[in-house]
Amino acid sequence: MPGSPVSHPATGPVRAVRTGPVLAVTCLALATVVSAMASLSVALPDIARETHANQTQLSWIIDAYSLIFASFLLLAATLGDRFGRRRALLGGVGLFAGVSLAATFTTEPGVLIALRAVLGVAAAFVMPATLSTITSTFPRAQQARAISIWAAVAGASAALGLFASGALLEAWSWRSVFWLNTVMAGVAFIGTHLFVPESAQPGKQRVDVTGAALTVAGLGTLVYSVIEAPEHGWGSTRTLVGMALGLAVLAAFVAWELKHPHPLLDPRLFRHKAFAAGSISTTLQFFAFFGFIFVTMQYLQLVRGDSALMAAVSVLPMSAAMIPSARLTPRLVARRGARGPWTVGLLLVTTGLVVLAQLDAGSSYWLVAGGLLPLGAGMGLATTPATAAITDALPPRLQNVGSAVNDLSRELGGALGIAVLGSLMSARYRDGLDTSGLPAPVAHAARSSLAAANHIGHATGNPALIERARDAFASGMHLALLSGAATTALAAVVVTGLLRRTGKPGTVAVHTQTDGTGTDRDAAKATA
């Protein structure tokens, strides 16, 4: 793309920047943090074998990243907008590279979970800065194309990360996944330093520390309770109290934000139908998508017996369908409005998940591909209009909010999807696995994960246990993927309902309120 002058909100016009390199660098940084969520999924069998992690610990190894990522997004976006998005990018990718390097030396699942949590903090600074840098750097006429590329990278990075990780695992251990993270983050750091201009919002508004603390506490308690549910039972007092407490803290967050002069996220923004539709759709869509990745990569390797590389190659049809559909979506939206392509995309995702839910230990790859193609095409069609609905609904000075909400929706959906769908799968697997005739310690180990059951079966010469474990896992995957399909079907209903009067998002009308101290605060009015 040609260079264009950039206006810094606080200092006025600055020198022209090269928007092409800016887009390339921000997309690389985006790909680094998005691929890290899914790329480790292909290494879960190796991690389970080497570290002896059980199914709950495997869930935490993946979800510690997503949970902390989502919890810190709003605070990180606010800090980035106040102190500079370029600084946020540099600090985020720098920390990401350093922690990824440290993870290559660990052998304990607990340490790995902690390091993944720190990676989530780093990613929280990176992701909102990428989209807000694009929306503040690119001329309005070029933003739609740039956002479509951003959305395509965001959607495809998970699958491409799986492929890259699978290729590395053919020659090296699961630690090579973290080496890949280190290299990508290092290149993004250099590119940000060379090409990305600084941008920030004017003024020195107070940072909502209380709101940030409530977000972390609420989401942390809720997701922790969901992930630990298979250990203690979905109907246990511990699980129900934990989920209720998490929801209560999040309700307190909403109440606090409504009265705070400078909220991390003003709940009034959700009165705008397109903004609400984009947020809900993104959350439910990525709930299903990342839950699918978590479950399916284990199925391909532990049930079908594919190598890490073959498992990663097996999901490439999804990316092959996703990338062109994401690039085509802006044209479809321009001609037909957002609602049609958006809803069709969500229904295609639903169809793909329903097809994949039919897989069992003896299914052919053609059934896998038959589910991946509509899933990928649907993700491409649905992601771009959902992202645009969020960012286009807000005026330029609130683009940081739009970026943060879009990212929060993705990561919260992903964290909850891995937690909920992974827990449903794990619970069904444990309940469905017949361990009669096995000593109690061996039976407990076999129920902890499919990888453990496979290992025990091979070590003791018990192929019947392996077959029973694979069938139990397939049953759990069936339940998880059908639950994911139900969420994307719900998203299609929500989008159709909220956008029934118009196919194109409007803009939130923002008025200024003054609190008792004379401080201006923004509040969103609903527009049809």
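What you see is a predicted model, and the numbers here were worked out from it, not measured in a lab. Basis for what follows: all heavy atoms, side chains included, without hydrogens, waters or symmetry-related copies.
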[X] side chain near [Y] side chain, heavy-atom distance below 4.5 Å:
X: Ile149; Y: Cys27; value: yes
X: Ser483; Y: Val420; value: no
X: Ser363; Y: Tyr299; value: yes
X: Ile293; Y: Met318; value: yes
X: Phe178; Y: Leu112; value: yes
X: Gln358; Y: His478; value: yes
X: Thr133; Y: Leu89; value: yes
X: Leu499; Y: Thr343; value: no

Take Leu30 and Val126 through the test side chain to side chain contact (heavy atoms under 4.5 Å, CB included) and record every step on the way to the result. CA-CA 7 Å; Leu30 172 69; Val126 173; over 6 Å; no
Least distance between heavy atoms, [X] atom then [Y] atom:
X: Val315; Y: Leu372; answer: CA-CD1, 3.6 Å
X: Gly278; Y: Ala389; answer: CA-CB, 4.4 Å
X: Ala103; Y: Thr106; answer: O-CG2, 3.1 Å
X: Gly422; Y: Phe294; answer: CA-CE2, 3.9 Å
X: Gly92; Y: Phe125; answer: CA-CB, 4.3 Å
X: Leu101; Y: Thr104; answer: O-OG1, 2.5 Å

Looking at [X] and [Y], would you say the former's side chain and the latter's main chain have a donor-acceptor pair under 3.5 Å?
X: Arg470; Y: Leu302; value: yes
X: Thr487; Y: Gly484; value: yes
X: Ser100; Y: Ala97; value: no
X: Tyr429; Y: Ala474; value: no
X: Arg116; Y: Tyr65; value: no
X: Ser176; Y: Trp179; value: no
X: Thr350; Y: Ala489; value: yes
X: Thr192; Y: Ala188; value: yes
X: Ser325; Y: Ala377; value: yes

Spatial distance of atom [atom1] ([X]) from atom [atom2] ([Y]) [nearest 0.5 Å]:
X: Ile456; Y: Leu465; atom1: CD1; atom2: CG; answer: 6.5 Å
X: Thr351; Y: Leu375; atom1: OG1; atom2: CG; answer: 10.0 Å
X: Arg304; Y: Tyr365; atom1: CZ; atom2: OH; answer: 8.5 Å
X: Leu433; Y: Ser475; atom1: CG; atom2: OG; answer: 11.0 Å
X: Met127; Y: Thr26; atom1: CE; atom2: OG1; answer: 11.5 Å
X: Leu28; Y: Leu23; atom1: CG; atom2: CG; answer: 11.0 Å

Looking only at side-chain N and O atoms, does Arg339 offer a donor or acceptor that is under 3.5 Å from a partner on Thr496?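 No, no side-chain donor-acceptor pair sits under 3.5 Å.
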Kindly assign one of parallel, tilted or perpendicular to the pair Phe286 and Phe289, based on the angle between their ring planes and the thresholds 30° and 60°.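 Geometry flag for Phe289 against Phe286: perpendicular rings.
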Can we call the ring centroids of Phe270 and Phe275 under 6.0 Å apart? yes
With Thr32, which residues qualify under side chain to side chain donor-acceptor pair (under 3.5 Å), at least two apart? none
Could you go through Phe69 and Leu412, starting from their C-alpha distance and side-chain angles, then the distance that decides it, and tell me whether this counts as side chain to side chain contact (heavy atoms under 4.5 Å, CB included)? CA-CA 8 Å; Phe69 196 163; Leu412 178 59; over 6 Å; no
Show, in sequence, the C-alpha distance, side-chain angles and deciding distance for Thr488 and Gln285, and conclude whether the side chain to side chain donor-acceptor pair (under 3.5 Å) test is met. CA-CA 6 Å; Thr488 52; Gln285 180 182 339; over 6 Å; no
CA sep, side-chain torsions, deciding dist, call: Met379, Val349, side chain to side chain contact (heavy atoms under 4.5 Å, CB included): CA-CA 6 Å; Met379 288 291 294; Val349 173; 4.1 Å; yes
Evaluation steps, side chain to side chain contact (heavy atoms under 4.5 Å, CB included), between Arg410 and Asn406: CA-CA 6 Å; Arg410 290 171 58 93; Asn406 180 72; 4.0 Å; yes
